[in-house]
Amino acid sequence: MSLEVVKPGLLSTFQDLGRIGSQAIGMPVCGAMDPLSHGIANLIAGNTGEEATLEITLMGPSLRFGRDSLIALAGADLSPTLQPAGTDAATPIPMLQPVHVPAGALLQFGKRRGGLRSYLALAGGFGLPAAMGSRSTYLRGALGGFQGRALRKGDVIALPAFTPGAPTAVTPTASALLHGLLERGAAGATVRIVEGPEWPQFTDVSHRTLLSEDYRIGSQSDRMGYRLEGPALQRTAPRDMLSEAVAFGTMQVPPDGQPIVLMADRQTSGGYPRIAQVAGVDLPLLAQRMPGESIRFERIALEAAQRLLQRRASAMASLARALRA
């Protein structure tokens, strides 16, 4: 019983919620770039949020299933289709619904309809070994996931024994909860930020600029960080600073004034001033934006960012209950 990689796609890696607790020894957290879509896919597939999903970036893979399986897809719509064994016809399959995959079927992806990263959950999980407490792939460290790397053509991934039940469609109640969770996914939505520790070190003009101008996601952006291109941000005076802790969504400003938002594969500390922090609730929104697209930022209070994150956690708990009902 295995999963065969017929085509690898652009960048397909297994991710969970990250390698928590090892930053003190310099190990990045990694994990899903869009933890919301990761969690939703797992819930629809009947898993806990801790199972690894396959994070699929822009161009999806072709995967042949060696056993009957139950899957769910969330995040970017990359036109998924399913081709049963012995046929030439591929049928579109829905996002945000449990899908039964018969043994021998080929899961494929096509044109991007929206978003950048799609998450494939398998009922029962992929059964990958944990590395330092996580199944997330750390590409630069060649650790975790499947052999510490992105999928390649010809890879064969062993699947644990599992007998899925008949797929059950998402109920209207669960569908309404999903809509509420995903309503800020529109391309034009602003990304909310809170002031960073070094916010006071930047000029008032830079503050206004960050909150009023468009910033383009640069072509060198990746899972480690989004390099933004736009009006330069200036400090009130040059000064040295010691390296400080950084987090998912920390916005640093190097000497050229072009901000960098640190993402899932970020380093554990950095020496550039931290002008802002992307609100945790909007990290999935940012993760679904592509290089070349523009974003705008909106400042909110730390307390408001915390309330939004708590509200999302409550909504996810309600979704889990609705899907089990």
Side-chain angles (χ1 to χ4, degrees), residues 1-3 12-20 29-56 60-61 63 65-78 80 82 93-103 105 107 109 115 117-137 144-146 151 157-171 173-175 177-178 180-182 264 283-284 287 312-325:
M1 294 184 292
S2 61
L3 185 69
S12 304
T13 62
F14 290 102
Q15 302 292 341
D16 57 19
L17 292 178
R19 202 160 275 108
I20 307 298
V29 175
C30 303
M33 286 278 280
D34 179 351
L36 176 62
S37 295
H38 160 85
I40 287 172
N42 263 327
L43 289 178
I44 294 173
N47 299 334
T48 69
E50 297 177 358
E51 294 289 352
T53 60
L54 183 64
E55 183 180 271
I56 297 163
L63 306 171
F65 287 76
R67 64 157 163 85
D68 285 358
S69 302
L70 186 66
I71 64 169
L73 287 159
D77 185 348
L78 304 180
L82 200 61
I93 58 173
M95 303 288 294
L96 303 176
Q97 290 283 348
V99 176
H100 176 253
V101 180
L107 175 64
F109 296 84
R117 295 177 170 90
S118 191
Y119 291 82
L120 169 66
L122 175 72
F126 288 96
L128 300 165
M132 297 183 68
S134 171
R135 294 175 175 84
S136 284
T137 308
F146 182 74
L151 296 185
I157 301 159
L159 299 179
F162 180 73
T163 305
T168 303
V170 172
T171 65
T173 299
S175 182
L177 288 166
L178 281 169
L181 282 162
L182 300 170
L283 288 172
R312 172 165 291 173
S314 295
M316 286 292 283
S318 297
L319 176 63
R321 290 191 294 269
L323 289 169
R324 290 195 300 266

Is the side chain of [X] donor-acceptor paired with the backbone N or O of [Y] at a distance under 3.5 Å, no angle test?
X      : Y      : answer
Asn47  : Leu122 : yes
Asp34  : Ala287 : no
Arg135 : Leu128 : yes

I'd like to check Thr137 versus Cys30 (side-chain heavy atoms, cut-off strictly below 4.5 Å). Are they in contact? no

Sub-4.5 Å side-chain heavy-atom contact between Phe146 and Leu3: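 Counting from C-beta outward, Phe146 and Leu3 never come under 4.5 Å.
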
side-chain contact (heavy atoms from CB on, under 4.5 Å) against [X], all qualifying residues, sequence neighbours excluded:
X      : answer
Ser134 : Asp16, Arg19, Ser136
Ser175 : Val170
Ser314 : none

With sequence neighbours excluded, residues passing side-chain hydrogen bond (donor to acceptor under 3.5 Å, both in side chains) with Arg117: Tyr226

The criterion is side-chain hydrogen bond (donor to acceptor under 3.5 Å, both in side chains); which residues satisfy it with Ser118, sequence neighbours excluded?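 Testing Ser118 for side-chain hydrogen bond (donor to acceptor under 3.5 Å, both in side chains), a comparison that skips the adjacent residues, returns none.
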
Is there a side-chain contact (heavy atoms from CB on, under 4.5 Å) between Val101 and Ile93? Walk through the geometry before answering. CA-CA 10 Å; Val101 180; Ile93 58 173; over 6 Å; no

For Phe14, give me all partners under ring-ring contact (aromatic ring centres under 6.0 Å, His included), at least two apart in sequence or on another chain. Phe126

